[in-house]
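Okay, structure first, notes after.
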Protein chains: 2
Amino acid sequence: MDAAILEHSLKGGDGHQVPIDLPRFQQVVQYFKSQIANGSLTEHAPLPSERRIAEDYDISRMTARRALDALEAEGFVYSEDRRGRFVTPKRVSYDVSNMVSFVAEANSRGLALEIEVVRAMKSQADAILVEKLGLEPGAEVYAYTRLFRNNGHAIFVETEYVNAQRCPGFLEHDLHQSTTRLLEARYDLSASTGDIAILMRAATAEETSLLSLARNSAGIELTQIIRDASGRAFCFGRQFWRGEAARFSARAIVERSVND
Amino acid sequence: MDAAILEHSLKGGDGHQVPIDLPRFQQVVQYFKSQIANGSLTEHAPLPSERRIAEDYDISRMTARRALDALEAEGFVYSEDRRGRFVTPKRVSYDVSNMVSFVAEANSRGLALEIEVVRAMKSQADAILVEKLGLEPGAEVYAYTRLFRNNGHAIFVETEYVNAQRCPGFLEHDLHQSTTRLLEARYDLSASTGDIAILMRAATAEETSLLSLARNSAGIELTQIIRDASGRAFCFGRQFWRGEAARFSARAIVERSVND
DNA sequence: TGCGCAAGCTGGTATATACCATATAGTGTG
DNA sequence: CACACTATATGGTATATACCAGCTTGCGCA
């Protein structure tokens with residue numbers, strides 16, 4: 001494709017009208033957005049290289065780069081270092097009100113969810129865990145970090161902490177499965193309530209590399225405290241999601257006072 | 001401050017150790033992150049200009065820009081066109097399980113929440129509203145868009161749609177207040193359950209300008225369907241938040257089956 | 001005193017260029 | 001056939017430079 005064809009496309013040749021006074025890099029952004037929207041570029045399809053785009057559209061490589069960086073920041077494409085840029089796949093849905101295992105539920109919906117255990121260790125509760133899990137300072141916890149992929153594409157990384165006293169020998173089990181199930185089957189700990197928090201933040205260095213994110217990119221952190229019927233917390237989890245990878249849903253129910 | 005002082009700071013002069021093999025723009029990123037973290041730069045404090053940073057740290061302006069763009073993408077600073085860059089204020093908390101008005105609740109917690117009505121009109125339900133509000137195609141709805149500021153800093157923009165038939169004359173009321181309250185007081189419509197969805201996405205053009213976001217930046221969309229006790233939806237809302245402006249929390253409760 | 005204009009500052013866009021490190025594919029050799 | 005090397009392409013970092021548009025400030029004039 002050459003610049004003339006881009007002009008053609010941008011001016012509405014394929015039915016997509018674009019304001020003509022946009023900066024050039026924004027025109028390229030719009031062009032690829034429309035290509036993704038109309039299905040010309042599908043999930044994981046490679047985009048042209050920076051140099052190719054610069055040449056084709058008669059802009060400098062840095063300008064092409066600005067366009068691609070913008071597409072990446074908005075979540076439309078992801079990049080792999082020295083390999084290329086690719087179209088971001090569709091989001092997965094995560095119902096946080098549903099306290100049964102996300103893993104099991106996702107797989108039953110046809111998702112091909114793979115788990116990679118990054119790290120697993122026993123350690124001592126720090127200040128945060130003391131608060132979240134209601135432990136005494138220095139109490140032992142099992143901590144394990146797992147990377148979750150959907151169809152081979154990394155979507156989030158999770159670190160969970162479980163009370164070691166209540167779950168002896170926890171790490172000896174296979175962690176390539178739903179830990180909610182594990183806790184229920186082996187330790188008779190079943191989730192009754194959960195406190196969930198969601199926020200957008202920058203990825204840490206480890207998250208950046210595990211999720212092959214661009215440097216300095218943001219994503220979604222979801223933390224979860226799981227309690228048993230007596231209200232005691234037995235598991236604390238922190239997930240960091242690629243921002244464009246998920247849609248979180250929840251159900252709220254107004255609590256009626258006892259006088260109702 | 002000159003380059004030598006930056007080097008000094010980066011190498012641990014102020015107690016902050018930074019890997020020496022980082023790219024130069026990342027060193028600047030780290031430097032400002034630490035300045036924000038240790039309180040040397042507080043909420044809304046101005047950062048040096050691109051040119052000033054370039055000169056002080058002996059890097060080109062484009063490299064300084066890369067650093068500032070990174071800080072902005074990560075949510076640590078926000079920029080105002082041709083005015084400067086400033087430190088992002090602290091997040092506000094939003095409990096989505098709490099179905100009473102966010103506005104009223106936030107103000108009672110000491111937040112100075114201001115509302116600006118951007119648009120208010122009567123229109124006809126499109127396909128999305130037909131589904132979300134359970135209306136017949138072409139049914140009338142009131143639609144209004146409001147911008148919310150905290151201490152003068154824009155944090156999110158919301159568009160709500162209410163069933164016009166159930167809420168006659170809705171737009172004649174003052175929209176600078178909690179609409180949850182309004183619906184309850186004037187139309188006897190009180191929230192019983194809500195379906196909430198949260199996802200990270202790119203800002204639209206209007207959101208970008210209302211929230212004075214950088215071009216192509218991402219934020220958080222929160223949609224909410226509010227239902228009465230009979231399960232009928234009477235209000236659909238869509239909020240778009242600055243990504244770094246909020247922390248959303250929710251409470252999940254496992255639903256026991258009737259056999260329990 | 002108050003208004004208006006100009007200068008200087010800011011961020012935003014854009015180009016051209018250079019070099020680096022590595023992923024990938026193609027080539028050649030044992 | 002298997003392995004090692006090499007050429008090429010890719011994204012990542014960095015510089016120097018130029019111009020634009022609009023916000024702020026301060027100066028000078030009425």
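Every chain is numbered from 1, with letters handed out A, B, ... down the list of sequences. Hydrogens, waters and symmetry mates are skipped; everything else that's a heavy atom, side chains included, is used.
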ask   = Within this structure, what is the OH-to-C1' distance between Y57(A) and dA14(C), rounded to whole angstrom?
value = 18 Å
ask   = Over how many whole Å does the gap from I59(A) atom CD1 to dG12(C) atom P extend?
value = 19 Å
Test: [X] and [Y] ion pair at under 4.0 Å:
X	Y	result
E207(B)	R201(B)	yes
E158(B)	R238(B)	no
D69(B)	R85(B)	yes

note = Per-nucleotide protein contact along nucleotides 4-13 of chain D, 5' to 3', at a 4.0 Å heavy-atom cut-off (B base, S sugar-phosphate only, - neither), is ------BBBB
ask   = Step by step, would you call F32(A) with F76(A) a ring pair (Phe, Tyr, Trp, His ring centres under 6.0 Å)?
value = CA-CA 9 Å; F32(A) 283 108; F76(A) 290 95; over 10 Å; no
task = Determine: side-chain N/O of T63(B) to OP1/OP2 of dT15(D), distance under 4.0 Å, yes or no.
result = yes
Any residue meeting side-chain contact (heavy atoms from CB on, under 4.5 Å) with S49(B), in chain and number order, not counting sequence neighbours = R51(B), R52(B)
